[in-house]
Trainee: 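I'd like to ask some things about the structure below.
Given the structure is predicted, the values throughout are model-derived calculations rather than measurements. So you know, we letter chains A, B, ... as the sequences are listed, proteins then strands, and number each from 1.
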Amino acid sequence: MSTSSADTGVDRGTSRPGSAPVKGAAPGRGTASAKRRSHPFARFVLVRLGVGVLLCLGITILAFGLTHAVPGDPVAANLGQRALNDPAAVAAFKAKNGLDDSLPSQYWTYLTNLLHGDMGTSQQTHRPVWDDLGDKIPASLELALAAIVLALVIGVGLGIVAAVTRGRWPDRIIRVVSLAGVSVPVFWLAQVAFYVFSFKLGWIQAGGRLSPGAIPPDDITGLYTVDSLLTGEWGTFGEAFSRMVLPACVLAAFNIGVLTRFTRAAVLEALGNDYVRAARAKGLPESTVIRRHALRPALTSILTVAGLTFGGMLAGTVLVENVLSWPGLGQYAYKSALNLDLPSIMGVCLFVAVVYVVINLLVDLLYGVIDPRIRLS
Amino acid sequence: MNATPDASLVLRDLTVSYHSPGRPAVRAVAGVDLRVEPGQVVGLVGESGCGKSTLGKAAVGLLKPASGSVEFAGAPVTPLGLKPRPPAQRGLQMVFQDPYASLNPRRKIGEQISDAVVLSGGTRADGRALARELLDRVGLSAEFAERFPHEFSGGQRQRIAIARVLAADPSCIVADEPIAALDASAQASIANLLLDLARERGVGLLFISHDLSIVRQIADTVAVMYLGTVVESGPTDQVWDDPRHPYSRALISAVPRADGNGELPQDLPGDVPDPAFPPSGCRFHPRCPIAVDACADAEPEPTEFLPGRRAACSVLAPALLKIG
Amino acid sequence: MNDTISARAGGPLLDIRDLVVELPGPDGTPLRALDGVNLTVERGEIVGLAGESGSGKTMTALALLGLLPQGGTARGEMRVEGRDVLSMTPRQVRDLRGNKVAMVFQDPMTSLHPMLSVGKQLTEHLRHHKKLGKKAANARAAELLATVRIPDPEQALKRYPHQFSGGMRQRIAIAVALACDPDLLLADEPTTALDVTVQAGILRLLDRLRRENGLSVLIITHDLGVMSALADRVSVMYAGRIAETGPRAEVLRTPRHPYTRGLLDALPHPGAGTTALLPIPGSPPKLGLAPSGCAFHPRCPFAVDACAGDRPELLPLTEAHATACPVDPLADRTSPETETTEAGAR
Amino acid sequence: MNATRIFLGDRLGAGRGNRSDPGRTGAPDAADERAARRRRRRANKSPWRSPLAVTGLVIIGVFLVAAVFASVISPEDPLAQKWPKYQAPSAEHWFGTDQLGRDILSRVIHGTRVSLPLALLLVVLAMVIGTVLGAVAGYFGGWIDMVVMRCADLVLAFPAIILAMAVVAALGPNLTNAVLAVVVVSWPTYARVVRGLVLSLRQSDFVQADRLLGASGWRVLAVDLRPNLAGPVAVLAALDLGNAVLLLSGLSFLGLGAQPPAAEWGAMVNAGSANFDAWWVAVFPGAAILLSVLAFNFLGDTLRDALDPRTARAIRG
Amino acid sequence: GGAKKSSDGAGGSGGGNDTLVVDTSFSLKTADPSRTFEPTGIFVTRAAYDTLLTFANGDVTKPVPQLAASYEVSPDGKTFTFPLRPEAKFNDGTPVTAKDVVFSFNRVKNLKGNPSFLLDGVTVSAKDEHTVVLTTEKPDASLPFRIPTPALGIVNSTAVTAHGGSDAAGADQSDKAEQYLNTDSQGSGPYKITKYDVSTEVVLTRNDNYWGAKPKYGKVVIRNVPASTQQLNILSGESQLSLDMSADQAAKVKGQAQVLQKPTPTTAFLFSNDNPAVSKITSNKDFQEAVRYGVDYPSLLDVAGEGSAQAAGIVPGFFTGALDASAAIKRDIPRAKAALARAGLNNPTVDLYYASDVTINGINFGDLAARIQANLKDVGITVALKPAPTQTALDSYRNGTEALGLWWWQADYPDASDYLAFAPGELVGKRAGWNEGANPAVTALAEQARTATDEAARVDAFRKLQEAMQQTSPFVPLLQTAQVIAANNSVKNVYYNPIWYVDVDKLG
Ligand SMILES: Nc1ncnc2c1ncn2[C@@H]1O[C@H](COP(=O)(O)OP(=O)(O)OP(=O)(O)O)[C@@H](O)[C@H]1O
Ligand SMILES: Nc1ncnc2c1ncn2[C@@H]1O[C@H](COP(=O)(O)OP(=O)(O)OP(=O)(O)O)[C@@H](O)[C@H]1O
Ligand SMILES: [Mg+2]
Ligand SMILES: [Mg+2]
């Protein structure tokens, strides 16, 4: 030990002008700043919205670049065998669809039109893409919503059961079932389900959202089940509902598997928290402990997965809608891709991006609702 | 092996800020002067969140100071970028608080210890030999070199971490609460190990802790930190026996003693304020038992009232000087 | 003090006899975490339970509340006011929890639910156990917050844990525990995660509650300083057994078990100057791997051959003081073991 | 499908941040050394001994053998159109015959040679690209991070299947094009996970300690972080393998992947949709997809248990 | 059963109902007749737009009057006069006049859409308000066979003009009436289009102003349904008519529903590119012969299913001028091998291009290609399959760069002259690399067939042409597909029409 008295090892701390005039009295600092603190969340949402818009813009560039760079010729796709060899017809087609311009100028035209709500005209349906999407989106949305609700109810339920019985037989069975759910090829499942329930047993009518010729309910939301309920058309509701059962179940299978697995993991993680032990130590019934104390924190990760699976459901709808002839976006996207119908492909991509952004935003907002830490800081 | 005499660590008016988006910058260290000589043990104590770790990291170059300077062995310590640390600075090392996080869980401990050798141009074989030697030095079996960290207890891991630091042949070690996560008995043995290093090898030791009693036991000098600033410093026994700053006093009288007397420690109401919104004037004034109105206005200058003893309190300053 | 209190009540408030707790090991075989623990807490008394990490302090408290980790089993006797908890139905145990026996956990940062308001956490069990209405429960909750010295209790009810500092949170956690007027508070390292200044406040709060409300507390800690400040009686645990138990002053001043003594020696001593600390060599045995005989003997400087043989029983030295060491270690305070680098060398 | 992978990654990342309790992990004291090791061995092995893992391994083994020895094992030439079409399963044709009178069993066996290697290729490509980009983005941060992660965002918001469909429609349907198209959209999962891991590990004490010893940024990535990334990435890849099989067979099902006369399971399922009365045409190849994906998922799950002690503990209680 | 209540009370099934449900796999792009060229579109516009002439009861060998009361051909075969029926009315009640016909035909020409070729070289004029005159540049015996094509349906010129329609030159740019016509048909046919969705459903409602016999069904729902579901729906009674089942499926339905299996005017053919620049191998005449005799035609019929027939020549069997079935090529492996040997080719490898995403009358071209691959393997030719979605495949097909191509040709109108496109230098000929001057003899025969006006001369010319092509062309006609039409037993009067499937209005 060699400390000389002259050299204490600690030097003078120099002072500098106080940086923040805010008086940080320790206790109760939440009250005064609670209002100011809600702003960051609103700003966060706004920022996310802005980022979302940029993302959509990026998507249009990406989609545009990809679809226009590929060597396929939309002229061949959209003119018949006869007209193809008619130079006049080809020229007319190109001029009409602006295929002669340079790529950037085509993109610019697309973008300016887009800002005016014009997504171009589909080359296969000869209708404005906007109208096409307007027709197809509700059908797919209805299906996807039904599937996600189904998946949430079953998936979260099974997940909780598995978490609570972890290591015991219900958990093991649920584990295998959920793994099977994420492993089953959806197109095959659709076929098998169709074969069994429609073909062999004749229980379920498939194909279309309503029976042929039936008049859909008034267009309020575009979702037949909801609209028919709103207008009180019970018969139509029954029909729309029964026709949705099979495709929705098939579409939900994968997501049930995913949600079960994540719910289980999230609930298990939550159950391992000290505050759950603390809740038990309060003498609360186990059901309350799980519902109020374990499920709530698990909900954030369940929501994330639900949001992502919902956004990712399009892949499923392409397959399911094609097998079970559901007149939705999936079929439309498939046809558009096959026909290199560029405006339609762009439209679908843009829509998917918007859904992605909206879902993410929604999930973020819901985080705020669920978790006060996010809402308040 | 012995550190060069000038291998001291000098912090001058060090300020470190954290910037996170959407929040005001947090000045976690707000102007600190500190000096660690070779062979000297300097204790740094303070409540949680007062900026001890921040200071420690800035001292070794893991954080970039907002202002002020850090010097080691006469040369400025450069903040770490993507490039390897200059060899001259490798004599300045750090021991971390959490023995579970400070070892790579997926690499054998022998390998981790020998890194220092390899990185300074030695061969793997040299490194391995040194690792065995150092494991022995910190009181572990040389065979352990082939094992992974998860096979060890907290105390043993902390020894391994120290062995790794020793492999760089340091002349100054910053130890950030190296014993906080350990049992009393393990705490004692790690504290002893570090103390031995300082004594035997002449290594300077900046010993960061929130546990006053252990600092009291091993440090030569102590600095008491409050909300980013050093409020009092001086030789350990003097500060302990005769704390002047009201905060040091509160801190010391809050330590319960295991003497069986049943005395309740004194409490200090309130908490350390959020460093993002520090109180104006003397940072301690909202909790200070002797504060006067003026304390809210001016930040007190540290006064050296006895040789090697300083305190920063404007209320006491005149009295202190008189005593001194 | 003890005498008067125990005389007033019919028997001890808490009486644990021969508690054995087994936990499933990684491969499912049961391992003994507690191996015959005896412990009593009288009314209005604060009992300290000390010991190194992993010695089974927390398990003792959890066993009492029936909250052992999944697969854990408890045997023996645990009487609260004379009723054996182990023979109660799960429902009866739940009625006990948070009601008659409440618990405060170590880390106030994690033991409060981050997503529920303080008010909700204070009242949910109050309403469950005491069948109070919302209004009454809230009033009581505000009262509780005032008791634990939270400023502006009415407002605090609406806030969330993250809006409070660590010390405040621990006060809130204590308020939560006190909500149903429990007779016994199990405090599992309630101050370990806190700064000394804040710790002092919490210790004072507990002391006040004992004095004012006659609350009994079982305080679990590895900090002998805390023990010395607060506890009336102290039990020291090692490897799932009680090594020594007795009045605070006797145990801390004249420890009769080498382990207690080792713990004390490892602490820095005011007035001892900058001398080396004296760690206990080695580390405590892992779960299920306790050595035969006296579990401490491999680390014990006083060990004799016999120590590895039979398991030493807890033998009374005086009326209140007992130790599980047959070797009398009442030698001088400097132990023969002074090497500091012993730990882990074996 | 993408969605799951992302989230899965996040969870893997989160798992690493978890700190174990001081004092819970034991020391290898001489006395308990042997018992501890024995138990460790048993504990380490157990995930691989679970029925799930064994089933997965057996199925994968069978498929691998089938792939390697396809021509030896399969009873017939998968392309031979020698038999009457649409024959129901019989002793002669266990799985029946298809619309061109080919033996479905032989085609299912030969299908292993199409789906599995390409799924593997897809996953490996995505994994390598994603891991490298993610590690670089996470470690070096700044604008590199910005660019990489914005690209990842963009690609994640882009509907993979549409991209694949459009690319394949334009470049011609074959599985290699499909693989390339899907790689373009599947690397971000890995990039995100790896970036998250690197971000959390980069600040970890052991990395800082290594930096203090003089390690450069690259060395930290290569030496310190690589082994820590390997586990989570392996789990991710194992679980992704199943998704890849699903996606590729889905594209084939839509007619955008494997083409006649190749024996590809998805395309075979599609052939079955032309004639539901001949259920066997679709059912057996579909079952092969299900089984192989299931097996990959079993293995992925097991791998995660084995690598993440926390989950393993939770599962075993 | 599919009896379901729907809002208007018209259920899907059961006899005596007013609604007819037709299931088909949609191939539909527009309901504007002047642009229509796809099977489903033709089916739909046929019901909504009457034409000057038509084919009755599925007999396409004889055009019969519809909007025209009769027609008259000038002796030089270049002028066609059509007096219009005075009673004919559009669905809004206004009469059909010569002005409407002129407008409709000119619009088809000037829209330059797929069907505009139908009026190549044709000039239309109104002689008076009720007489239309068409003149052609060359004698054209096939014109009366083209007139019934639904693309030449007569639109209400007033209404269409009012909604942006144009028949002037430049209509391809200026005409804006398509949208309007998609939702609101303006024809004089028995039905009106009341709902139109290109990918799901088209609904036809009885035109109460129809000038002819009232159709039985008040409402016709045409749904886009995959073939597999069509089978199910027919069996369950949810639909009454199915247009796309395969022969294999038809076999399962027989007995429970009426099944019609008729040859169509769609010929599937294979070609070996005649252009040496594309392939040295396929342009070799001996190689072409090897292919011709190497294909096992009956085995292809097995893939195609019942009802399909080997195509002896390129012209479908039921058209005048078709070759006799007995003249068809038969597989001759030794001859094929010999030809290959002559060509000096030892186990050549060639690429076969085809559209992977089409199913024509239940025949999957991928399956067909796989079968051909197997066939040619027997004679020592290795075929590599090069599938692509139709749009991409069409690209290479149109550019004539395919070595081997497997394609189909569907008659645009029921006359052999439509098949002259296969001649050297013509539309399809060029795609097979059979360019102008490649075979002057065949070109001469084709010209003869084109200009012959006398029935017997035409038949003879077409036969000669096809016989010549059998020996020297790069084309190998494979088969004529079969149309399966399945109908619920309650539906009467089902006739197959090779151009528009069925006359919906005639169903009873
Ligand atoms: N990465 C960071 N970003 C923003 N603020 C930070 C960061 N790290 C620390 N801080 C803040 O800086 C202040 C000082 O932190 P620091 O870790 O240095 O304290 P400490 O004295 O080491 O505390 P402890 O005893 O808890 O370790 C704290 O208020 C903390 O919230
Ligand atoms: N969930 C669990 N499963 C299995 N064993 C456990 C579990 N929790 C604790 N243990 C083991 O039980 C033994 C007693 O643990 P306990 O928590 O009671 O110790 P403690 O004295 O409270 O220690 P600390 O001071 O670390 O809190 C330890 O060996 C520990 O490893
Ligand atoms: Mg710190
Ligand atoms: Mg504990």
Side-chain angles (χ1 to χ4, degrees), chain D residues 76-88 96-103 107 110 164-178 181 251-264 266-282, chain E residues 25 226-233 235 244-253 296 299-306 351-359 362-375 377-378 382-396 406:
Chain D
E76 309 289 352
D77 174 357
L79 300 183
Q81 309 174 0
K82 290 194 269 191
W83 300 276
K85 62 182 178 178
Y86 292 133
Q87 281 204 304
T97 64
D98 69 1
Q99 75 280 10
L100 287 178
R102 295 173 293 201
D103 181 51
R107 290 179 67 73
H110 277 264
M165 288 192 309
V167 167
V168 163
L171 298 181
N174 68 51
L175 270 175
T176 330
N177 286 344
L251 283 173
S252 293
F253 174 82
L254 290 175
L256 297 172
Q259 292 298 326
E264 201 278 345
M268 291 164 77
V269 173
N270 187 29
S273 67
N275 190 351
F276 271 107
D277 290 292
W279 52 267
W280 55 89
V281 177
Chain E
S25 299
S228 50
T229 320
Q230 290 182 23
Q231 177 186 0
L232 178 69
N233 288 346
L235 289 175
D244 302 280
M245 276 192 232
S246 67
D248 296 311
Q249 290 175 303
K252 301 282 178 185
V253 178
D296 182 3
S299 85
L300 295 182
L301 296 184
D302 183 45
V303 173
E306 199 186 329
D351 292 343
L352 170 61
Y353 294 80
Y354 65 94
S356 59
D357 59 340
V358 288
T359 301
I363 304 168
N364 180 319
F365 267 53
D367 289 341
L368 208 56
R371 185 51 61 89
I372 291 170
Q373 184 186 41
N375 284 173
K377 193 161 185 257
D378 294 344
T382 306
V383 173
L385 301 184
K386 298 280 175 198
T390 315
Q391 43 85 14
T392 333
L394 268 174
D395 210 22
S396 54
L406 174 62

Trainee: What's the separation between atom CG in E:Asp248 and atom CZ in D:Phe276, rounded to the nearest 0.5 Å?
Mentor: 14.0 Å
Trainee: To check you understand the geometry: which heavy-atom pair defines the closest contact between D:Arg102 and E:Ala370, and what is its length?
Mentor: NH1-CB, 4.3 Å
Trainee: With sequence neighbours left out, write down each residue that passes side-chain hydrogen bond (donor to acceptor under 3.5 Å, both in side chains) with E:Thr359, or none if nothing qualifies.
Mentor: none
Trainee: Between E:Gly366, E:Pro389, E:Ala393, which shows the greatest number of heavy-atom pairs under 4.5 Å with chain D?
Mentor: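 Top option by heavy-atom pairs under 4.5 Å: E:Pro389.
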Trainee: Are side-chain heavy atoms of E:Gln249 and D:Asp277 found at a separation under 4.5 Å?
Mentor: no
Trainee: Which heavy atom in D:Pro261 sits nearest to a heavy atom in E:Gln373, and how many Å separate them?
Mentor: CG-OE1, 3.0 Å
Trainee: Could you tell me which portion of E:Phe365 (side chain, backbone, both or neither) has an atom closer than 4.5 angstrom to a non-hydrogen atom of chain D?
Mentor: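 Neither; nothing under 4.5 Å.
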Trainee: Just checking, is any N or O donor in the side chain of E:Asn364 or D:Gln99 under 3.5 Å from an acceptor N or O on the other one?
Mentor: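 Result is no, nothing qualifies.
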Trainee: How far does CE of E:Met245 sit from CG of D:Asn275, to the nearest 0.5 angstrom?
Mentor: 11.0 Å
Trainee: For E:Asp367, is it the side chain, the backbone, both or neither that has a heavy atom under 4.5 Å from a heavy atom of chain D?
Mentor: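 Looking at E:Asp367, backbone and side chain both touch chain D.
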Trainee: What are the two closest heavy atoms between D:Gln259 and E:Ser356, and how far apart are they?
Mentor: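 Closest pair (atom of D:Gln259, atom of E:Ser356, distance): OE1-CB, 3.7 Å.
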Trainee: To the closest 0.5 Å, what do you measure between CD (D:Gln81) and NZ (E:Lys377)?
Mentor: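 One finds 10.0 Å between CD of D:Gln81 and NZ of E:Lys377.
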